[in-house]
Amino acid sequence: MAWGRSRPVEGLRAYRLIAGMWIRSTLTYRASFALTVCGNLLLSGLDFVAILLMFAQVDALGGWTLPEVALLYGLSVTAFGIAQLAFGSVASLGGRVRDGSFDTLLVRPVPVLAQVAADRFALRRLGRGVQGSVVLGWALVAVDVDWGVVKVLLVPVTVVCGAVIFGSLFVAGGAFQFLAQDASEVQNAFTYGGTTLLQYPPTVFGRDLVRGVTFVLPLAFANWVPAAYLLGRPYPLGLPEGAAFAAPLVAVVCAAAAGAVWRAGLRSYRSTGS
Amino acid sequence: MAARPGLVAGVPGRGGGGFRRYATYRVATAAGVFTNTVFGLILVYTYLALWEARPGLGGYDQAQAVTYVWLAQALFAMLAVQGGGFEVELMERVRTGEIAVDLYRPVDPQLWWLANDMGRAVFQLLGRGVVPFLFGALFFPTALPGEPAVWAAFGVSLLLALLVSFAIRYLFALSVFWLLDGQGVGQALMVTGVFCSGMTLPLNAFPGALGDVVRVLPWAAQLQVPADVLMGETAVSGAFAFQAAWAVALLALGRLVQSAATRRVVVQGG
Amino acid sequence: MADAFIELVDVEKVFEVRRKTGFLRRERRSVRAVDSLSFTVARGEMVGYIGPNGAGKSTTIKMLTGILTPSGGRLRVAGIDPSRERTRLAHRMGVVLGQRTTLWWDLPLIDSYRLMHRMYRIPDARYRENLDRLVELLGLADLLDVPVRQLSLGQRMRGDIAAALLHDPEVLYLDEPTIGLDVMSKARVREFLRQLNAERATTVLLTTHDLQDIEQLCSRVMVIDRGRLVYDGALAGLHEVGESERTLVVDLERELPPIEAPAPARVVRVEGPRQWLAFPASESAAGLVARIAAEYPLVDLSVREPDIEAVIARMLDTPADTPDSPPDPAGHTVR
């Protein structure tokens with residue numbers, strides 16, 4: 001990179017600049033902004049209301065109690081909320097490609113991924129992360145865990161790694177839209193589907209599905225495995241003891257894979273023009 | 001759980017009308033089918049766990065709960081449970097003021113939009129509903145009736161459900177005449193639609209007084225009643241009466257609001 | 001060539017297109033959007049790049065700016081391969097896409113410029129100097145605090161041009177810079193581009209549908225059709241090759257039989273007291289006008305410039321449109 005600055009640093013700087021512009025754009029319509037923040041909070045809260053309704057009828061779901069499920073929910077939604085805030089806009093890449101405005105991003109001297117991720121940066125998405133962390137906070141108090149240093153540290157590490165894993169999904173899904181501009185909904189199956197899946201205990205799901213989200217799309221490391229460690233429950237699929245601490249490694253692998261997919265997608269766009 | 005963005009974004013470039021318009025979005029439709037199936041899969045497992053812990057919840061056995069999940073996924077797009085039907089366009093036209101042009105058309109706006117939405121619904125039932133439903137019926141134990149008469153009754157119930165769904169969305173969309181902002185209205189539509197229709201949990205599994213309330217609201221006519229008709233959980237005549245009553249009441253209310261909105265436009269001069 | 005700022009040698013771009021041929025069958029087909037395109041542009045030149053829709057104009061611009069990677073051939077801008085070093089080149093070029101603003105819709109114009117300032121890392125002093133100059137030349141002083149969505153098309157275009165020039169690019173690509181603008185805005189944009197080119201020696205490549213853009217700005221025109229360069233030379237030569245005609249619209253006092261004009265001018269249409277005469281674009285209208293004014297009861301008249309599409313269409317229909325005809329002695333090549 002020119003001027004001896006690394007691409008990630010350049011990317012972050014550009015992201016900050018562009019996101020800042022969008023925030024100011026949004027704030028020109030203050031009332032609408034306030035309304036949509038509330039709407040977002042409500043909408044993402046519905047998931048948890050459904051869980052509460054279920055627990056109004058039963059004491060345990062798949063053998064997990066309400067605080068335990070709330071812990072899963074909190075970890076999943078908080079991580080997802082962060083990823084969606086940072087990378088959610090990549091999901092609308094297809095529209096930019098379709099209407100041709102993607103080209104204008106390619107003539108700027110900053111990384112395209114940063115521009116796409118910061119595009120239409122929506123502060124209202126804070127709602128989901130906030131709602132998730134409120135549930136997480138309650139769950140951490142309510143669960144019956146013997147907290148030690150390791151377990152306390154594991155919570156923020158898990159949230160960050162989960163955010164990276166979900167962020168990778170957003171980026172890879174966005175790259176897929178270079179090939180199929182109308183297929184943004186496929187991405188929803190993995191991102192929104194993923195965070196929904198992780199809100200319930202692994203014991204609920206079929207073994208093949210659990211295998212899939214552990215080894216193929218390693219979502220399990222965003223909360224199932226670390227939560228099982230915190231709660232002293234058996235790991236899904238009888239994973240080895242250290243699996244709860246593998247999340248950072250999994251997150252790095254996911255990010256690298258997403259980066260590769262992104263570059264391949266961008267390359268194909270630039271050779272086909274879509 | 002069931003609320004997800006992209007349903008609107010997945011259907012690019014609105015404008016024009018009905019079935020044919022939606023039928024061109026082949027890739028978007030395939031993507032939607034895939035997503036509906038994945039969500040169905042996730043929900044099926046959670047419902048199975050719920051009904052295992054509490055057999056007979058809401059009068060359903062496990063097979064019925066599974067059927068409900070796949071039915072919900074199949075009808076999700078058709079009934080525009082979280083919005084994404086004609087009302088997106090209508091709200092935009094109100095917001096931009098283009099609606100004034102529509103008022104000079106020699107057709108009744110409510111009927112015009114209804115026809116438009118029917119076309120969309122038929123396409124989304126066939127294009128997005130059938131595959132997830134067949135997938136569910138193939139890989140999970142379901143409780144589907146064999147008698148053609150029940151399926152016929154289900155068909156009628158579905159038509160009534162669509163009328164209610166349309167009427168609800170028409171009212172929401174008309175509110176933009178006064179609120180001037182479609183975004184908040186769209187979100188309200190989404191929240192109420194997803195929750196009160198029983199997309200997250202069948203309404204008959206809602207506990208206590210909350211359950212008593214949601215089961216008589218118009219949203220119950222969208223998904224819960226057709227599902228119960230199909231699975232023989234309710235008397236057909238009573239179900240039809242419930243749906244028809246809401247349809248008539250809401251469509252009539254829609255006409256009232258429509259004429260108030262028209263007066264408003266005329267007074268403001270467009 | 002040593003002074004070649006933009007250099008293309010046998011550049012081609014092939015797209016794979018999938019076409020539906022049956023209910024489920026699709027056919028793959030290669031489309032050559034650009035075919036063995038070779039030209040050079042010297043530093044400081046101002047070149048018009050024209051051709052019918054779909055001829056390969058925007059594909060060329062996209063390759064020059066690094067948006068698209070050529071399928072073959074050699075392409076250099078300022079010695080840089082655009083597709084390989086896209087971000088590096090971005091600091092040295094400005095791009096204005098007529099139909100597509102890069103300005104922030106809901107924010108005041110000045111905010112977009114501040115973003116450019118930081119995104120391109122323009123030194124403060126130079127940014128202020130450039131901004132002042134551009135604001136003055138493009139008449140933006142009263143618009144800086146206006147949200148972009150409230151600007152007229154012409155104002156927005158001027159705003160976009162300024163945004164593309166804040167970082168002192170060596171080359172400016174303009175795609176239809178005057179499309180949809182009113183006469184005043186067009187004149188202002190053209191005057192500005194002329195000055196920019198003259199005073200700062202910025203290389204300018206512009207695509208347009210407006211022949212007046214070319215007439216008033218470009219000493220050199222390149223015409224592309226079906227991916228191939230079919231003409232490269234002066235505008236006057238284009239008129240010769242294209243045998244293009246201007247139209248004299250004459251309003252007489254009353255309905256009269258067609259005017260007997262000296263050849264090659266001739267009446268092409270009569271409608272009541274109004275008559276249309278076609279005459280070669282390369283000839284002056286003065287003689288014709290004088291003659292008609294002397295012999296007929298004239299009320300009003302106007303001259304219509306030939307439409308660029310018509311010129312090109314006529315040119316492409318001429319037998320000269322064979323791939324390997326020798327260079328024309330007048331200095332422009334007709335292939």
Side-chain angles (χ1 to χ4, degrees), chain A residues 29 31-36 38-40 42-64 84 88 91-92 94-95 98-99 124 179-194 196-201 203-206 209-210, chain B residues 1-7 9-13 24-39 41-54 57-58 82 128 179-188 190-192 194-195 199-201 205-208 210-211:
Chain A
Y29 304 101
S32 184
F33 173 71
L35 212 66
T36 51
C38 296
N40 246 47
L42 259 176
L43 201 57
S44 74
L46 280 187
D47 295 0
F48 194 63
V49 172
I51 290 175
L52 288 176
L53 289 178
M54 288 184 182
F55 276 94
Q57 312 277 10
V58 297
D59 296 326
L61 207 57
W64 292 49
Q84 192 206 17
S92 39
R98 208 165 36 226
D99 72 14
R124 67 185 140 81
L179 300 178
Q181 285 104 59
D182 295 341
S184 64
E185 262 208 82
V186 169
Q187 170 159 20
N188 291 343
F190 293 104
T191 50
Y192 289 84
T196 306
L197 179 87
L198 294 182
Q199 292 166 11
Y200 295 90
T203 45
V204 160
F205 297 102
L209 190 57
V210 176
Chain B
M1 181 177 295
R4 43 195 190 251
L7 197 69
V11 180
T24 44
Y25 306 120
R26 198 183 295 261
V27 179
T29 304
V33 165
F34 178 75
T35 309
N36 282 130
T37 309
V38 168
F39 270 87
L41 212 54
I42 296 167
L43 282 177
V44 147
Y45 282 114
T46 63
Y47 282 19
L48 283 173
L50 182 64
W51 261 268
E52 193 176 291
R54 185 74 196 276
L57 176 62
Q82 65 167 14
R128 294 190 51 158
L179 300 175
L180 301 173
D181 173 57
Q183 213 174 6
V185 175
Q187 269 183 334
M190 208 180 223
V191 172
T192 51
V194 168
F195 190 72
M199 277 307 294
T200 47
L201 195 68
F206 274 46
L210 179 62

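Labels below follow one simple rule: chain letters A, B, ... track the order of the sequence lines, proteins then strands, and each chain is numbered from 1. Basis for what follows: all heavy atoms, side chains included, without hydrogens, waters or symmetry-related copies.
Ring pair A:Phe190/B:Phe34: centre-to-centre distance below 6.0 Å.
Put simply, the residue from B:Thr46, B:Leu43, B:Leu50 that forms a side chain to side chain contact (heavy atoms under 4.5 Å, CB included) with A:Tyr200 is B:Thr46.
In this structure, B:Tyr45 and A:Phe205 have perpendicular ring planes: the angle between them is above 60°, well past the 30° mark.
Closest approach of B:Ala49 to A:Leu61, counting heavy atoms only: C-CD1, 4.0 Å. For the pair A:Thr36 and B:Gln187, the tightest heavy-atom approach, listed with the atom from each and the gap, is CA-OE1, 3.3 Å. Closest non-hydrogen pair, A:Glu185 versus B:Gly32, comes out as OE2-CA, 3.7 Å. Scanning all heavy atoms of the two residues, the minimum distance from A:Gly39 to B:Val191 falls at O-CG2, 4.5 Å. The shortest non-hydrogen separation linking B:Ala31 to A:Ala183 is CB-CA, 3.9 Å.
Heavy-atom pairs under 4.5 Å with chain B were tallied for A:Cys38, A:Gly206, A:Gly95; the largest tally goes to A:Gly206. Of the residues considered (B:Val38, B:Ile42, B:Val44), B:Ile42 shows the highest number of contacts with chain A, using heavy-atom pairs under 4.5 Å.
Of the atoms belonging to A:Ala60, it is backbone heavy atoms, and not side-chain ones, that fall under 4.5 Å from chain B. At a 4.5 Å heavy-atom cutoff, the contact between A:Asn40 and chain B is made by backbone and side-chain atoms alike.
Annotation: side chain of A:Leu53 is not in contact with side chain of B:Thr200 (no heavy-atom distance under 4.5 Å). At a threshold of 4.5 Å between non-hydrogen side-chain atoms, the residues B:Tyr47 and A:Met54 count as touching.
In this structure, CG in A:Leu42 is found 12.5 Å from CE in B:Met190, a value given to the nearest 0.5 Å. Note that CD of B:Gln82 and CG of A:Leu46 are 10.5 Å apart. Values are rounded to the nearest 0.5 Å. Here the CZ atom belonging to B:Phe39 is positioned 10.0 Å from the CG atom belonging to A:Leu197, to the nearest 0.5 angstrom.
Judged purely by atom type and a 3.5 angstrom limit, A:Gln57 uses its side chain to pair as donor or acceptor with the backbone of B:Ala205. In this structure a side-chain-to-backbone donor-acceptor pair under 3.5 Å is missing from B:Thr35 to A:Asn188.
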